[in-house]
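Just below is one structure, and these are the notes that go with it.
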Amino acid sequence: MDRENKNQTWMSEFFLLGLSSDWGTQISLFVLFMTMYLVTIVGNVLILLLIRLDSRLHTPMYFFLSVLSFVDLCYTNSFVPQMLAHLLSTHKSIPFHCCVLQLYSSLSLGGSEFLLLGAMAYDSYVAVCHSPHYVVIMHGRLCLGLTTGCLVAGFVNSLMETIITFQLPLCHNIINHFACETLDVLHLSYVDISFNKVMVAISGFLVIMLPCFLVLFSYTRIVAAILIHSVQGQRKAFGTCTSHLTVISTCFGANIFTYLGPQSASLVEEEKMVALFYAVVAPMLNPLIYSLRNKEVMAVLRRVLEKLRDKGERL
């Protein structure tokens with residue numbers, strides 16, 4: 001009992017080892033990640049504004065895209081500002097309550113994003129395979145219900161995982177990561193964590209593998225359906241599928257490797273790189289691949305810029 005109380009008092013903060021201890025490397029990483037962070041913010045905010053401003057984009061597909069952009073914005077801001085600050089600091093610490101909040105928010109937003117990608121794949125499946133009935137099937141209440149369900153499931157799953165993680169007694173407070181991450185926090189405990197690893201695997205199956213199966217099913221049906229269309233239609237459909245699958249494969253692949261792959265001390269640095277890719281690169285690519293390569297979105301962007309230019313000339 002005394003040992004547990006001592007550990008709980010001692011763990012008032014955690015120290016993150018980060019990505020590198022070399023000062024020159026940290027500066028280079030700061031410039032790189034700051035640039036990517038700004039691109040992520042600008043890209044996702046732009047998508048939200050364009051969808052909000054043009055009624056022609058008020059469709060189920062763009063509704064899901066707007067929610068995805070909002071989730072990406074929140075997810076990126078849950079830890080990237082802290083990571084950037086630590087790259088310019090020699091004291092890479094995070095208070096206990098901030099670590100708990102960071103773990104909870106990253107898990108909840110990440111889980112919600114996987115489920116949203118599954119919902120978006122279903123929307124694409126209905127649009128291609130049941131196009132005559134698309135408007136009837138993908139009505140507003142269904143879209144809102146799917147989105148709400150994805151967010152609630154992600155946050156509830158994260159809450160349970162966060163609670164069982166931080167109930168463990170901890171033996172030290174040095175985390176070999178650039179953020180508070182479930183598996184790295186679990187490895188701070190001096191008790192058996194087999195149950196926690198099983199729960200992480202179950203959680204990963206529910207929020208990663210199930211949406212992944214839905215995505216595979218949806219795009220298999222989509223590819224089968226577009227094979228009977230014209231050559232031009234095939235080219236357009238395959239181009240859209242390729243763009244979407246690029247985002248989906250990076251998101252799901254990175255997290256399957258991290259949470260459902262083999263755990264080994266020799267893979268620590270590789271796991272950090274994979275987590276970094278999903279955490280920093282994927283939110284930056286989502287608006288570029290999903291929306292800014294879309295002709296409808298680019299047409300809206302051009303109209304908005306023309307209006308702004310005309311207003312500037314009148315002033």
Side-chain angles (χ1 to χ4, degrees), residues 64-65 67-68 71-72 74-75 78 103-126 129 145-165 177 179 181-187 193-224 241-264 267-268 270-283 285-286 289-290:
F64 287 122
L65 283 174
V67 177
L68 180 67
V71 170
D72 278 339
C74 296
Y75 182 79
S78 69
L103 180 63
Y104 172 69
S105 60
S106 62
L107 285 175
S108 57
L109 293 167
S112 298
E113 178 164 344
F114 296 134
L115 296 169
L116 277 171
L117 290 174
M120 292 170 69
Y122 174 72
D123 173 69
S124 298
Y125 159 73
V126 176
C129 300
L146 285 174
T147 302
T148 303
C150 291
L151 295 174
V152 170
F155 277 78
V156 170
N157 174 75
S158 174
L159 179 62
M160 293 188 295
E161 193 168 332
T162 302
I163 290 175
I164 65 173
T165 297
H177 211 278
E181 197 273 339
T182 306
L183 296 177
D184 291 277
V185 174
L186 289 177
H187 291 149
I193 58 172
S194 299
F195 170 76
N196 298 78
K197 287 187 175 182
V198 170
M199 294 304 295
V200 168
I202 294 175
S203 172
F205 177 80
L206 293 176
V207 302
I208 299 177
M209 295 308 300
L210 287 183
C212 184
F213 293 148
L214 178 59
V215 168
L216 292 175
F217 169 80
S218 298
Y219 278 98
T220 299
R221 297 295 300 271
I222 289 172
V223 170
C241 289
T242 302
S243 298
H244 292 185
L245 288 174
T246 300
V247 177
I248 291 169
S249 61
T250 56
C251 292
F252 284 106
N255 282 271
I256 289 172
F257 175 83
T258 301
Y259 292 102
L260 301 178
Q263 302 297 317
S264 172
L267 296 177
V268 171
E270 287 82 352
E271 289 174 357
K272 281 200 284 188
M273 293 300 104
V274 170
L276 191 64
F277 180 84
Y278 170 72
V280 179
V281 179
L285 293 179
N286 282 350
I289 293 178
Y290 266 111

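- The side chain to side chain contact (heavy atoms under 4.5 Å, CB included) check on N196 picks up I164, L168, L186, I193, with sequence neighbours excluded.
- Atom SG of C212 and atom CZ of F217 lie 14.0 Å apart (nearest 0.5 Å).
- Partners of S158 according to the side chain to side chain contact (heavy atoms under 4.5 Å, CB included) rule, which considers only residues two or more places apart in sequence or in another chain, are Y104, L107, S108, T162.
- Between Y125 and L214, the closest side-chain pair of non-hydrogen atoms is not below 4.5 Å.
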Item to complete: Start with the C-alpha gap between L109 and F155, add the side-chain angles, then the distance that decides, and say whether side chain to side chain contact (heavy atoms under 4.5 Å, CB included) holds.
Response: CA-CA 7 Å; L109 293 167; F155 277 78; 4.1 Å; yes
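- When the side chain to side chain contact (heavy atoms under 4.5 Å, CB included) test is applied to T148, the partners found at least two apart in sequence or on another chain are L144, V152.
- Note on ring orientation: taking the six-membered ring where Trp is involved, the planes of F205 and F213 are perpendicular (angle over 60°, cut-offs 30° and 60°).
- The side chain to side chain contact (heavy atoms under 4.5 Å, CB included) check on L151 picks up V71, S112, T147, with sequence neighbours excluded.
- With rounding to the nearest 0.5 angstrom, the CD atom of E161 is 10.5 Å from the CD1 atom of I202.
- Considering only residues two or more places apart in sequence or on other chains, Y75 meets the ring pair (Phe, Tyr, Trp, His ring centres under 6.0 Å) condition with F79, Y278.
- One finds the CG atom of L276 at 8.5 Å from the NE2 atom of H177 (value rounded to the nearest 0.5 Å).
- Here the shortest heavy-atom pairing between C129 and R221 reads SG-O, 3.6 Å.
- Here the CE-CD1 distance, from M160 to I163, works out to 8.5 Å after rounding to the nearest 0.5 Å.
- Distance check, rounded to the nearest 0.5 Å: CG of L115 to CG of L210 gives 8.5 Å.
- Across every non-hydrogen atom of M120 and L65, the tightest pair is CE-CD2, 3.4 Å.
- Atom-to-atom distance recorded for Y219:OH and I222:CD1 is 5.5 Å, nearest 0.5 angstrom.
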